[in-house]
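Structure record follows, encoded as structure tokens.
Only a predicted model underlies this, so the values are computations on that prediction, with no experimental measurement involved. For ligands, and for the atoms within them, numbers begin at 1 and follow the listed sequence.
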Amino acid sequence: MAEEDEFSVPLIADLYTPPALLPIAQLKDALLYTIETYTVTIIVGETGSGKTTQIPQYLYNAGWTSNGQQIAVTQPRRIAATSVAARVAEEMQCQVGQEVGYSIRFEDVTSAKTKIKFLTDGLLLREMLVDPLLKRYSVIMVDEAHERSLSSDILLSVLKKVLKVRPDLRVVISSATLDAEKFLDFFTPDKDEVGESKPNEEYGRIVSIEGRVHPVEIQNLIEPASNYVEAAVDVVMEIHKSEAQGDILIFLTGRDEIDDAIDMIADRVAELDATKETIQLLPLYAGLPSEQQMHVFQRAAENTRKVIVSTNIAEASVTIDGIVYVIDCGYVKLRAYDPVVGIERLNVVPVSKASATQRAGRAGRTRPGKCFRLYPEGAFDTLEDATFPEIQRSNLAPVILQLMNLGIQNIIRFDYLSNPPSQFVIRAFDLLASLGAVDTYGRLTKPLGTRMAELPLEPMLAKALLNAPTFNCLSELLTIAAMTTLQGTAFISHDGNTKAADKKKRTFAVTEGDHITLYNVYEAFVRNKLQAQWCHDNLLNFKSMTKAHSVRKQLKHYLERFGVTEHPLHASDVLKAGGLELSERVRRCLTTGFFAQAARMKPDGSFQTVNGKTTLWAHPSSVFFHRKADWVIYHEILETRGKIYIRDLTTIDMDWLTEYASDYYKTKKK
Ligand code: CDP
Ligand code: MG
């Protein structure tokens, strides 16, 4: 059987499809004509048909940048922006940062030469602060619009406004699913706006790419898997034993599961016959350092089967060739906002039908494939049709702050693609008011509110940073802000030697908590002249630490531009100033930003939110994982296997909560 397969199917799967052979190539002229003629073009096509990599090149070659303007292509994820830029640069035979570049938060790899720019949708929104009509662009392509990420939804709304003033601008919306009508309806101006003179004028067009997809055979489990990570591992071994060549893509929900699965598969592979085909294991998730991400796209060595263990990033954002088998756990980690408790969590929930179909489709790109769903067949019918837009399940404070800074007055009546629940909007205003970003009339305050909006940090952190001069700890807060943007990647943990890593980490740890610990790590890095070897010796991620260094510099520039500068006398080794110890000043300052994320440790070591309704646990990376504390504020919530973890904790006094956020805690308690 397997032998016959091997003869009938070219063994070297089209790991590199020449662009001219991609399904989109036949549509090139039609597409260019549509974009030229209509304001909005919606392009629908399977993942891998060439939308992201080819359309910008078509536009470039057709002269859309010859007047000095650029083409922007937005992505919901940073990893997609960087990897696609690398790919297109390669096809255009230039360095990334030359004709083709990318721009993500704190990392701008573009130059005066750049014509095609990949960027996150959130970043394009930020660019509007300095270029409100986005005049530097002739075409804006909003990619992966079907994902309905919070920023891309908002971006579409804002673009609709921009188009009213810039009829020359072209908007291309790309979507992997068939929800194109919704986008077109949204952009089509209302009749009364267009006026009687041109009632039938068409504003936009939908272009569909006929994908060349191969059939994918779906197999289901008879019983739901009690542990889908273990079930996935079993299926991998089964495929490896009895199915023909071809790479495997596993969909799990998060990094912890991915790490677990990789460990388990590695153990099982070690027992295999070493002379036969072997397995190369590759993780893929958003926080993965970029040099590691790239391995996923590379061809495996001979006699090696690639097994990629991914979050839903691989569902549409990135295309990996050579996948023949897909294992779908049937779940996805999605943002969910609880406006009552005021916390945003990442919940593991069943995928939608659209997602499940999309995941299965990843197996049929190269040749007929198979998809193994780790749930019973009947369960499919119970799934939602499509994933709820992120705007209906997010903390809206950051985006409302941005919209207000763009001059949008009426947030409630704003023209959303899907309306956010009004309760979410109210809650966001409450928080922004407590942070001092909006006044009692619901207007953005100056300068605090506008500065908070301008800083590329979440509002709570922005507030704490902007407040730092009051506490005489600006230098420390700059470092802490920069370090928290690393989202836990400073320490190398997954190298099989976590004990050693923990021990190293303890040398930096302080009883006040994680923020000051991170501060100590950074200070030591600077004292040791930013050396890679020093990082290596201390089990720190050099790339991440270098990133923190760059982020800190950039944040400092923002503050200098605002006229918020460090106190010249205030060197970090001055422990006493303003009567309070440095550590206390830093912790008080953090509380002015993070008061809404306070919790208290219970005797059993877990934490409870202020209203007593939710149980939280210190993340294993925290100094409070096995250490006593009382009241803390935390930076972030993560959820794994039904347990809610909090990351980056710092001890505070309960009194500080009412001292710095009296309104917030008054309205909540009642
Ligand atoms: O955007 P869409 O999903 O329609 O396709 P694409 O991302 O433009 O991918 C077109 C082709 O380029 C596929 O064959 C991909 O495998 C390949 N590609 C790649 O090899 N490396 C990347 N980083 C991105 C795309
Ligand atoms: Mg794409």
Side-chain angles (χ1 to χ4, degrees), residues 12-28 31 41-60 71-92 96 100-102 104 116 118-121 141-147 149 152 172-178 180 207-214 246-247 249 282 284 286 288 290-300 306 308 310 312-324 357-359 361-367 369:
I12 304 167
D14 54 340
L15 280 163
Y16 178 84
T17 312
L21 295 181
L22 287 171
I24 201 168
Q26 306 148 21
L27 283 176
K28 179 177 167 186
L31 200 56
T41 302
I42 292 145
I43 175 115
V44 187
E46 269 285 319
T47 306
S49 43
K51 302 182 296 294
T52 312
T53 55
Q54 304 309 307
I55 295 175
Q57 296 187 67
Y58 295 166
L59 292 166
Y60 169 75
I71 296 160
V73 187
T74 71
Q75 300 291 323
R77 298 189 182 84
R78 289 176 234 179
I79 170 178
T82 53
S83 78
V84 163
R87 167 64 177 216
V88 174
E90 193 185 313
E91 286 185 18
M92 288 176 56
V96 179
V100 182
Y102 69 84
I104 59 179
I116 299 175
F118 292 91
L119 72 178
T120 52
D121 30 36
M141 173 161 160
V142 181
D143 207 354
E144 315 285 354
H146 65 273
E147 274 205 25
S149 80
S152 82
V172 178
I173 300 170
S174 101
S175 171
T177 50
L178 298 163
V207 178
S208 304
I209 312 171
E210 290 294 318
R212 267 190 322 243
V213 280
H214 301 273
D247 297 337
L249 172 61
L282 296 161
L284 181 63
L288 195 70
S290 49
E291 68 276 14
Q292 279 191 50
Q293 288 165 16
M294 295 304 162
H295 294 310
V296 170
F297 301 104
Q298 281 154 14
R299 254 177 80 176
K306 261 196 328 195
I308 295 154
S310 175
N312 72 324
I313 275 192
E315 192 179 296
S317 266
V318 297
T319 313
I320 307 154
D321 286 335
I323 302 293
V324 179
T357 309
Q358 180 76 19
R359 288 179 176 189
R362 315 285 78 237
R365 296 224 327 111
T366 316
R367 56 175 155 117

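Comparing Pro19, Gly48, Ala80, Ala85 against atom 3 (O) of ligand 1, the shortest heavy-atom distance belongs to Gly48. In the candidate list Thr82, Ile209, Thr53, Thr53 is nearest to atom 8 (O) of ligand 1, counting heavy atoms.
To the nearest 0.5 Å, the span separating CZ on Arg359 from CD on Glu315 amounts to 5.0 Å. The structure places OG of Ser175 at 10.5 Å from CD1 of Ile43, a figure rounded to the nearest 0.5 Å.
Without hydrogens or angle criteria, Lys306 side chain to Gln298 main chain gives a donor-acceptor distance under 3.5 Å. In this structure, Gln75 contributes its side chain and Leu119 its backbone to no donor-acceptor pair below 3.5 Å. Side chain of Lys51 to backbone of Gly45: a donor-acceptor contact under 3.5 angstrom is found. Under a 3.5 Å cut-off, the side chain of Asp247 and the backbone N or O of Ile323 do not form any donor-acceptor pair. Side chain of Gln57 to main chain of Thr53: a donor-acceptor pair is present (N/O by atom type, distance under 3.5 Å, no hydrogens or angles).
In summary, the atoms of ligand 1 found under 4.0 Å from a heavy atom of Ser49, numbered by their order in the structure, are 2 (P), 4 (O), 5 (O). The contact set between ligand 1 and Arg365, taken as ligand atoms under 4.0 Å from a residue heavy atom, comprises 13 (C), 14 (O), 16 (O). The Glu46 neighbourhood of ligand 1 comprises atoms 4 (O), with distances under 4.0 Å to a heavy atom of that residue. Residue Asp321 has at least one heavy-atom neighbour below 4.0 Å for each of these atoms of ligand 1: 14 (O), 15 (C), 16 (O).
Residue contacts with ligand 1 include Ser83, since one of its heavy atoms falls under 4.0 Å from the ligand.
Ligand 1 has no N or O atom lying under 3.5 Å from any N or O atom of Ile320, backbone or side chain. Every N/O-N/O distance between Thr47 and ligand 1 stays at or above 3.5 Å. For a threshold of 3.5 Å applied to N or O pairs, the pair formed by Arg87 and ligand 1 contains at least one separation below that value. Not one N or O of Gln54 is nearer than 3.5 Å to an N or O of ligand 1, by distance alone.
Inclusion of Thr52 in the first shell of the Mg ion (ligand 2) is supported: an N, O or S atom falls under 2.8 Å.
Under 4.0 angstrom from ligand 1, there are no non-hydrogen atoms of Gln298.
Taking a cutoff of 4.0 Å between a charged side-chain nitrogen and a carboxylate oxygen, Arg365 and Glu46 do not qualify as a salt bridge.
Applying side chain to side chain contact (heavy atoms under 4.5 Å, CB included) to Val142 and the options Pro76, Ser152, Ser174 leaves one that passes, Ser152.
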